[in-house]
Structure formats: structure tokens, C-alpha cells
Amino acid sequence: MIIHNARLRGHDGLHRITLNGARIAAIEAQHALHPIAEGDLDAAGNLVVPPFVEPHIHLDATLTAGEPNWNMSGTLFEGIERWAERKALVTHEDTKTRAKKTIDMLVDHGIQHVRTHVDVTDPTLAALKAMLEVREETRHLIDLQIVAFPQEGIESYANGRALMEQAIELGADVVGGIPHFENTRDQGVSSIKFLMDLAERTGCLVDVHCDETDDPQSRFLEVLAEEARVRGMGARVTASHTTAMGSYDNAYCSKLFRLLKMSGISFISCPTESIHLQGRFDTYPKRRGLTRVAEIDRAGMNVCFGQDSIVDPWYPLGNGNILRILEAGLHICHMLGYEDLKRSLDLITDNSARALNLGEGYGLEVGRPANLLILSAPDDYEMVRSQGHALVSVRHGKVLMRRTPASIERA
Ligand code: 17E
Ligand code: FE2
């Protein structure tokens with residue numbers, strides 16, 4: 001298969017991309033628009049990019065909002081309580097059905113790489129066992145990483161440490177954590193030492209829900225970063241949310257950034273989720289409740305955007321479209337300047353791939369997997385401005401999804 005008339009990010013002019021089976025065989029400059037042969041694809045001068053990445057979602061909790069009760073306060077903490085009620089009703093089949101429905105929504109929006117957190121604070125590990133099957137059964141659609149996520153704590157939950165170890169033994173790819181939710185500060189710190197030991201011992205990646213609160217005293221990020229630095233594991237460690245950083249004072253943050261840079265860890269922000277869940281204990285002025293995305297990016301560190309939730313106890317909306325998250329995030333994070341807009345797709349493609357350690361399994365380069373998207377606009381800025389879409393998703397060298405844009409008729 002050949003994709004003609006493709007515009008590539010960071011390159012002038014049009015290109016022709018040749019796929020050979022499941023690999024990219026050639027990428028060549030083209031001198032004029034090219035007629036399209038049967039079976040080939042026409043990018044029509046629009047962008048061709050590697051697939052969108054969903055770096056942070058909870059596929060075990062998706063599509064459960066209101067079951068049995070709605071989150072009335074809109075706080076993270078009520079979300080955790082409402083989820084505990086729904087978790088008691090979780091079954092193997094229920095988890096698989098909801099996760100697969102959600103994966104279809106992600107695929108329809110051009111996502112082919114997903115990292116999902118799965119709650120392992122359940123003595124039966126029912127959701128984890130279901131998601132391990134989903135990971136195998138959806139390989140034709142996405143590459144899925146599973147995080148062993150201790151929603152109710154590692155130290156604060158009965159047998160929390162053993163459940164984390166079991167989850168990794170059963171086949172989870174990534175070690176998670178939630179230090180700001182542990183009962184005490186000391187437990188938060190010891191949970192991070194425990195999870196970093198577990199990751200180091202097993203070779204797993206790390207992705208911690210870290211300081212997901214407006215509490216400026218929540219300072220577990222420095223602990224995670226220092227553990228990553230000392231162990232030389234930064235490239236394999238991600239801090240998700242870190243919303244407390246939006247409330248840290250600038251003097252502390254300035255010192256913290258030095259450590260963060262030395263550590264080499266990545267960051268994931270979920271802007272729609274955080275603008276909804278945080279700021280809930282404020283009247284006015286009301287905090288945005290996000291981490292310092294623009295500042296992290298400008299300091300040369302790796303940061304990307306995720307959806308977090310689709311219709312669950314924490315967030316009632318969502319449709320799988322990561323471009324919606326990008327648009328909201330650029331607004332909320334004061335990133336609508338030209339320099340940010342013209343490379344904004346980094347936040348849902350290359351930066352996310354780096355956080356997920358996708359390495360040579362990702363990117364438009366000869367020899368890499370034949371996974372790519374044809375978008376509806378010629379550059380990042382126009383893609384965001386026009387609220388564009390992924391029009392074609394190619395996976396393993398074959399068309400996986402085609403979207404027909406809405407058409408408008410006027411008198
Ligand atoms: N659990 C959590 O601790 N934080 C979140 N944002 C979600 C689940 C969605
Ligand atoms: Fe999350």
C-alpha cells in the first residue's frame with residue numbers, strides 16, 4: 001500500500017509513504033500531486049502522523065457513571081467512594097464488555113496505543129484478570145499497557161503490597177501508586193519506595209497517580225523523582241496528574257524543577273478531568289487544578305495529555321476523542337501561543353509515546369510498524385483550529401478505520 005500526497009510534521013512539501021506488509025518500507029519526497037491507484041490512499045496534502053496515543057485511562061471503570069450512584073460533589077474522593085460501590089458489582093464479563101466498547105471509541109478517533117490503569121485493590125483481582133484477556137483479544141486494534149493501580153492505597157488497603165505483587169506476576173506491565181491517598185504522609189513515602197523496588201526487581205515501567213489534589217502540602221512528586229534519579233530509572237517512570245503543582249509556591253517549584261530535570265521522568269496531565277475534579281474546595285478565586293504543563297514543557301521535560309475517564313464515577317462525559325482533550329488542555333494551560341499551537345500534536349503523539357516507552361515501535365520511519373493516521377488538516381495549528389479528525393487509521397499495513405467528514409448543504 002502507498003499513501004500519496006502526505007504532509008509530514010517538520011518537513012516541507014509532499015511525501016509518498018510505501019508500506020510493505022506490517023512495516024514502513026519507504027518515505028520519499030514527491031514533486032507534484034500524484035494520481036491514486038486502486039488500493040492506495042490519498043492524503044490530499046493533509047498531515048500523516050503516527051497513531052494518537054491514549055497514555056492515561058481507566059478502562060476498568062469506564063461507562064459506569066451513576067451505577068449505582070452519581071458523584072454529586074464532583075470531587076476525586078467522592079469518585080473513589082462511588083467506584084468502591086460499583087467495584088463490589090464488577091464481574092469478568094462486565095469489565096470486558098465495557099472495556100472493549102471503550103476501546104472501539106478510542107480506535108474510531110485514531111488511537112492505537114493505550115495505557116490503562118486497572119484497580120487492584122480487590123482481593124479477587126477480577127478486573128485485572130479480565131483486562132489481561134482484553135489486552136490479548138484487542139491486539140488487532142491497539143497496543144495496550146496495563147498498570148497495576150492501587151486505587152485505595154498500597155499501605156492503607158488490606159494486603160495492598162501482596163495484591164500489587166500478584167498483579168505484576170499475573171502480567172501487568174506497569175507499576176502504579178496513589179501516595180496522596182494513603183492514610184499518612186509516611187505511608188505515602190513508603191508506598192513509593194515499595195513500588196519502585198517492585199518495578200526495579202521486575203523490570204516493569206512505573207506510572208504513579210501523584211499528588212492528584214489541590215493540597216500544596218502534597219509533595220510526593222519529589223519523592224518519586226528522587227527515587228527515579230538515584231536508581232537511574234527516570235526514562236521508565238511517569239508521574240500522572242501532579243495537580244498539586246498548580247498550587248505549589250514558586251520558590252518551592254523552582255527548587256523542585258531542578259530535581260525533576262535531573263530525574264528524567266515524564267508527566268501526564270488529564271486537563272478535562274482535572275478542571276472538573278479539582279478546585280472543588282475553593283470558592284473564588286477558584287484554582288484550575290492542573291499541573292504546570294507549559295512550564296514543564298518549556299523546561300525541556302516530557303509532558304503529554306490523557307483522557308483519564310469516559311463516563312465513570314469521576315467524569316460523566318467523554319467520547320474517545322483525544323483531540324478534544326488537546327483543545328481543552330491548550331486553553332486551560334495557556335498554550336494557545338503560536339509556538340505552542342504549531343507543535344501541539346506532540347502532546348498526543350510523540351510525547352505520549354516517549355512516556356509509554358514505545359521506542360522503535362512508534363513513529364513514521366522506515367522499518368517501523370506500518371501504523372499511521374491521515375488527518376483532516378495540513379498542520380497542527382489548523383488541526384486544532386478546525387476541530388479536525390483522524391480520517392483514516394492504518395494498522396499493521398491495513399485500513400482499520402475510515403471516517404467520512406460531515407457534509408453541509410446551503411441554499
Ligand atoms: N482514580 C483516581 O484516583 N483518579 C482519577 N482521576 C481516576 C480514577 C479517573
Ligand atoms: Fe487516573
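Counting starts at 1 for both ligands and their atoms, following the listed order.
For atom 4 (N) of ligand 1, the closest non-hydrogen atom of the protein is E212 OE1, 2.8 Å. Ranking the protein heavy atoms by distance from atom 3 (O) of ligand 1 puts Q151 NE2, 3.0 Å first.
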Just do the ring pair (Phe, Tyr, Trp, His ring centres under 6.0 Å) check on H56 and H117 with the steps written out, would you?
-> CA-CA 7 Å; H56 188 123; H117 296 257; 4.2 Å; yes
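Contact between W83 and ligand 1 is absent, with no heavy atom of the residue lying under 4.0 Å from the ligand. H241 counts as a contact of ligand 1, since one of its heavy atoms falls under 4.0 Å from the ligand.
Every atom of ligand 1 is numbered from 1 in the order shown, and the set under 4.0 Å from a heavy atom of I178 is 3 (O). Atoms of ligand 1 found under 4.0 Å from any heavy atom of D308, numbered from 1 in the order shown, are 5 (C), 6 (N), 9 (C). Within ligand 1, the atoms closer than 4.0 Å to a non-hydrogen atom of S309 are 9 (C), numbered from 1 in the order shown.
Summary: OD1 is the N/O/S atom of D308 found nearest to the Fe ion (ligand 2).
Under 4.0 Å is where a charged nitrogen must lie from a carboxylate oxygen, and between E165 and R201 at least one such pair does. A salt bridge is defined here as a Lys NZ or Arg NE, NH1 or NH2 lying under 4.0 Å from an Asp or Glu carboxylate O, and R343 with D346 meets this definition. Using a cutoff of 4.0 Å between basic side-chain nitrogens and carboxylate oxygens, R231 and D197 are scored as salt-bridged.
Contact annotation: for H117 versus ligand 1, there are no heavy atoms closer than 4.0 Å. Neither the backbone nor the side chain of F77 has any atom closer than 4.0 Å to an atom of ligand 1 (non-hydrogen atoms only).
Rounded to the nearest 10 degrees, the angle NE2 (H56) to the Fe ion (ligand 2) to NE2 (H209) equals 100°.
Note: no N/O pair closer than 3.5 Å links H58 and ligand 1 by distance alone.
The nearest N, O or S atom of E273 is not closer to the Fe ion (ligand 2) than 2.8 Å. When distances to the Fe ion (ligand 2) are checked against a cut-off of 2.8 Å, H117 contributes no N, O or S atom below that limit. At a cut-off of 2.8 Å, C270 is not counted among the residues with an N, O or S atom near the Fe ion (ligand 2).
For the residue pair D186/T184, the side-chain donor-acceptor check at 3.5 Å is not satisfied. Between the side chains of Q145 and T116, not a single donor N or O lies within less than 3.5 Å of an accepting N or O. With 3.5 Å as the limit, one finds a donor-acceptor pair spanning the side chains of H276 and R280. A donor-acceptor pair shorter than 3.5 Å cannot be found between the side chains of H209 and S240. Looking at H180 and D211, their side chains never bring a donor and an acceptor atom within 3.5 Å of each other.
The residue from W314, F149, F181 that puts a heavy atom closest to atom 8 (C) of ligand 1 is W314.
With D143 as reference, R395 is the one residue of R115, R135, R395 to meet the side-chain hydrogen bond (donor to acceptor under 3.5 Å, both in side chains) rule.
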